[in-house]
Amino acid sequence: MPRRKHAVVVGGSLAGLLSARVLLDHFEQVTLLERDGFPDDPVPRSGVPQGRHLHVLWEHGRGLIDGLLPGVEADLLAQGAPDLRLPADFLWLTSGGWRRRFDTTRMLTFTRGLLDWAVRRRLFAEPRLAVRTGIEVTGLTGDEAVTGVRYRERGDAARTEERMPADLVVDATGRGSHAPEWLTELGRPLPRETKIDPLLGYASRYYAIPPGFDPGWKALYIQAGPPRGKRTGGLFPQEGGRWICSLSGAGGDYPPTDDEGYLEYARGLRDPVLYEAIKDAEPLTPVVSFRRTANHRRHYDRIRSWPAGFAAIGDSVCAFNPIYGQGITVAAISALELDRMLREDRTTRWFQKRAKRAGAGAWLISTGEDRRYAETQGPPVLPHTRVINAYVDLAVRAANTDPDGCADMLDVLALAKSPTSLFRPAALSRILTNRTRPPVDRPWQPEHASR
Ligand SMILES: Cc1cc2nc3c(=O)[nH]c(=O)nc-3n(C[C@H](O)[C@H](O)[C@H](O)COP(=O)(O)OP(=O)(O)OC[C@H]3O[C@@H](n4cnc5c(N)ncnc54)[C@H](O)[C@@H]3O)c2cc1C
């Protein structure tokens with residue numbers, strides 16, 4: 001039986017939805033406040049502009065979400081979300097060459113609107129959850145502890161500010177969160193922030209998968225080859241017989257959005273296979289772009305006077321270069337930490353430390369890779385980053401040619417294991433054994449190997 005009275009979650013994207021789910025186990029009433037409206041159908045919405053670009057869910061994150069909201073995975077599959085064998089169903093050109101097509105793990109792909117819709121559908125069935133849309137939270141109330149939020153209705157010309165009391169407020173408003181200012185209004189210091197910006201831009205477009213198309217792969221992933229090769233291209237199937245094509249470029253090499261420029265950019269990837277696939281395919285949408293992709297961490301864990309009654313989660317705490325598809329998994333891991341905070345009667349300051357830890361692996365992976373580009377903006381590169389990157393190059397090579405090396409690497413990318421697991425004796429030995437293996441040719445056939 002829930003013990004505490006009322007919790008407010010600000011922001012109704014995945015970090016907010018998953019937080020609301022765990023709070024329902026601990027509070028009599030949970031209120032979700034969202035600035036936007038929620039569509040009834042699985043379509044994108046303006047409050048989540050990144051939702052028009054490629055989104056995937058690693059196996060680890062998928063298990064966590066389905067554990068929190070049983071049935072979501074079945075709903076996604078029932079709606080036709082492709083469940084891909086990784087890397088068996090892929091042609092995957094890594095920075096260290098082609099990856100052999102072992103059957104190692106799985107990856108779920110979907111339009112982002114579908115995932116959010118499936119999560120909302122399960123969550124909103126809970127009668128103790130009040131959902132209010134068109135509500136913009138403008139600040140916190142309280143002093144020593146946070147006691148609620150200030151908000152106004154969107155579209156209210158008089159801009160009347162109202163208050164809503166709560167025993168716990170969770171900020172899940174994403175990269176653009178105003179929580180730092182809200183905290184200073186309560187007399188807390190501005191948090192230190194770290195930004196490592198690879199100047200990465202995305203441009204995405206949907207295509208119809210040509211009828212009868214069967215080249216022996218289901219998805220293409222052509223990664224950049226830093227420091228000079230800056231372009232990445234992903235062509236992934238989605239529900240409804242569509243491909244999403246997301247092209248991205250680091251170091252300011254942004255993909256254009258006009259038809260001809262987009263195709264030319266795709267032709268400039270490290271292998272022409274993606275260009276060959278889309279050049280005659282029927283586009284279903286215009287090209288849309290997105291450039292808010294910097295790694296951005298707010299060091300809330302370092303604020304000693306962090307107030308009781310307030311927690312920040314998801315991209316609002318730590319957002320990553322999205323190319324590794326880890327933000328949703330980090331949100332799910334953090335939601336479980338929120339649950340633990342409440343079960344074990346820990347402080348919200350404790351939670352912020354755990355939230356930092358939840359994002360630490362993804363941060364290390366994305367910022368380490370981004371440091372390979374000379375154009376990346378941020379604090380100076382530390383010497384050990386170069387050493388780690390040299391080791392990662394060997395690990396990528398092992399993952400490309402050895403089934404167990406591949407499993408080691410994919411567990412780390414899925415955030416099921418910490419990046420430090422690549423330094424454990426078994427992984428280290430595989431990496432050293434495989435370091436001299438020659439790169440493989442483009443692997444047209446999947447392999448039946450591994451786990
Ligand atoms: C291009 C791109 C591709 C990505 N691909 C992947 C991927 O493949 N896999 C993956 O795991 N992750 C991916 N991510 C990351 C993923 O999108 C986020 O980590 C995920 O959406 C969780 O974010 P969030 O809920 O913290 O914030 P957001 O998704 O940004 O949502 C914030 C919510 O808060 C609301 N809001 C904002 N301000 C207020 C306010 N004042 N009052 C009320 N409501 C407010 C917004 O309307 C919105 O609904 C990608 C990100 C980008 C940019």
Side-chain angles (χ1 to χ4, degrees), residues 8-20 31-39 44-58 60-62 64-65 107-113 115-116 119-120 131-140 149-154 164 169-179 181-182 200-204 221 232 234 236 238 244 246-248 255 288-296 298 312-335 355 358-359 362 366 413-415:
V8 163
V9 178
V10 189
S13 173
L14 280 167
L17 296 170
L18 298 176
S19 299
T31 305
L32 180 68
L33 302 177
E34 166 57 48
R35 190 170 57 184
D36 220 2
F38 289 127
R45 66 181 173 92
S46 57
V48 184
Q50 73 270 30
R52 294 177 191 275
H53 302 269
L54 173 62
H55 270 74
V56 299
L57 197 51
W58 292 89
H60 182 52
R62 161 184 178 171
L64 295 178
I65 292 179
M107 175 175 267
L108 205 53
T109 74
F110 37 71
T111 58
R112 173 61 198 262
L115 175 63
D116 289 38
V119 168
R120 286 198 305 267
V131 178
R132 293 192 57 189
T133 53
I135 300 285
E136 181 171 18
V137 170
T138 50
L140 301 169
V149 293
R150 294 186 280 117
Y151 69 93
R152 56 183 169 234
E153 304 235 354
R154 261 190 141 182
M164 182 180 288
V169 174
V170 175
D171 170 47
T173 57
R175 284 175 181 269
S177 167
H178 291 287
E181 297 97 89
W182 298 348
L200 179 90
Y202 264 60
S204 302
Y221 193 36
T232 291
F236 283 57
Q238 311 239 282
I244 185 165
S246 279
L247 304 179
S248 60
V288 289
S289 65
F290 192 85
R291 293 190 184 169
R292 210 171 175 199
T293 57
N295 304 284
H296 185 181
R298 298 183 172 106
I313 197 167
D315 283 16
S316 136
V317 180
C318 196
F320 317 95
N321 169 347
I323 214 116
Y324 302 99
Q326 294 165 324
I328 298 169
T329 301
V330 172
I333 297 170
S334 306
S366 52
L413 290 177
L415 306 178

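Counting convention: from 1, in listed order, for ligands and their atoms alike.
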Next item on the list: May I ask whether I135 places a heavy atom under 4.0 Å from ligand 1?
Entry: yes

Checklist line | Validation row: L32, F38 side chains within 4.5 angstrom (heavy atoms) | finding: yes

Checklist line | Value rounded to 0.5 Å, distance of CD in Q238 from CZ in F110 | finding: 8.5 Å

Check: Does a side-chain N-to-carboxylate-O contact under 4.0 Å join E34 and R154?
Finding: no

Checklist line | Nearest option to atom 25 (O) of ligand 1, as decided by whichever heavy atom of G61, G201, G134, A15 sits closest | finding: A15

Checklist line | Those atoms of ligand 1 less than 4.0 Å from some heavy atom in E136 | finding: 41 (N), 42 (N)

Notebook entry, point to check: To the nearest 0.5 Å, what is the distance between SG (C318) and CD1 (I313)?
Noted result: 12.5 Å

Note to self: For atom 22 (C) of ligand 1, tell me which residue out of I323, D315, T329 has the closest non-hydrogen atom.
What the structure shows: D315

Check: Hey, what's the ring geometry for F290 with H53, parallel, tilted or perpendicular (30° and 60° as the breaks)?
Finding: tilted

Notebook entry, point to check: Which part of A331 is near ligand 1, with near meaning a heavy atom under 4.0 Å away: side chain, backbone, both or neither?
Noted result: neither

Check: Knowing that exactly one of N321, T293, N295 qualifies, which makes a side chain to side chain donor-acceptor pair (under 3.5 Å) with S366?
Finding: N295

Check: Which residue owns the protein heavy atom closest to atom 35 (C) of ligand 1, what's the atom, and how far is it?
Finding: E34 OE1, 3.3 Å

Note to self: Under a 4.0 angstrom heavy-atom cut-off, which atoms of ligand 1 come close to L54?
What the structure shows: 3 (C), 4 (C), 5 (N), 8 (O)

Check: So, does H178 sit close enough to ligand 1 that a heavy atom of it is under 4.0 Å from the ligand?
Finding: no

Checklist line | Atom indices of ligand 1, in the order listed, that fall short of 4.0 Å to a heavy atom of G174 | finding: 27 (O), 30 (O), 32 (C)

Next item on the list: Output, in order, the C-alpha distance, side-chain angles, deciding distance and verdict of side chain to side chain donor-acceptor pair (under 3.5 Å) for S13 and R112.
Entry: CA-CA 10 Å; S13 173; R112 173 61 198 262; 2.9 Å; yes

Item checked: Candidate with minimal heavy-atom separation from atom 42 (N) of ligand 1, of T109, L17, D36, V137 -> V137

Item checked: Numbering as shown, the atoms of ligand 1 that approach G325 to under 4.0 Å (heavy-atom distance) -> 6 (C), 7 (C), 8 (O), 9 (N), 10 (C), 11 (O)

Checklist line | Closest to atom 20 (C) of ligand 1 among M107, R112, R45 (heavy-atom distance) | finding: R112

Check: So do Q50 and R292 actually touch side chain to side chain, heavy atoms under 4.5 Å?
Finding: no

Next item on the list: Heavy-atom contacts with L33 under 4.0 Å: which atoms of ligand 1 show up? List them by number with element.
Entry: 43 (C), 44 (N)

Check: Where on A172 is there a heavy atom closer than 4.0 Å to ligand 1, on the side chain, on the backbone, on both, or on neither?
Finding: backbone

Notebook entry, point to check: Side chains of R298 and S177: does their closest heavy-atom pair fall under 4.5 Å?
Noted result: yes

Note to self: Using a 4.0 Å cut-off to any heavy atom of V56, which atoms of ligand 1 qualify?
What the structure shows: 7 (C), 8 (O), 9 (N), 10 (C), 11 (O)

Next item on the list: Determine, using heavy atoms of T293 and all atoms of ligand 1, whether some pair is separated by less than 4.0 Å.
Entry: no

Checklist line | Subset of ligand 1 atoms that lie under 4.0 Å from at least one heavy atom of V10 | finding: 42 (N), 43 (C)

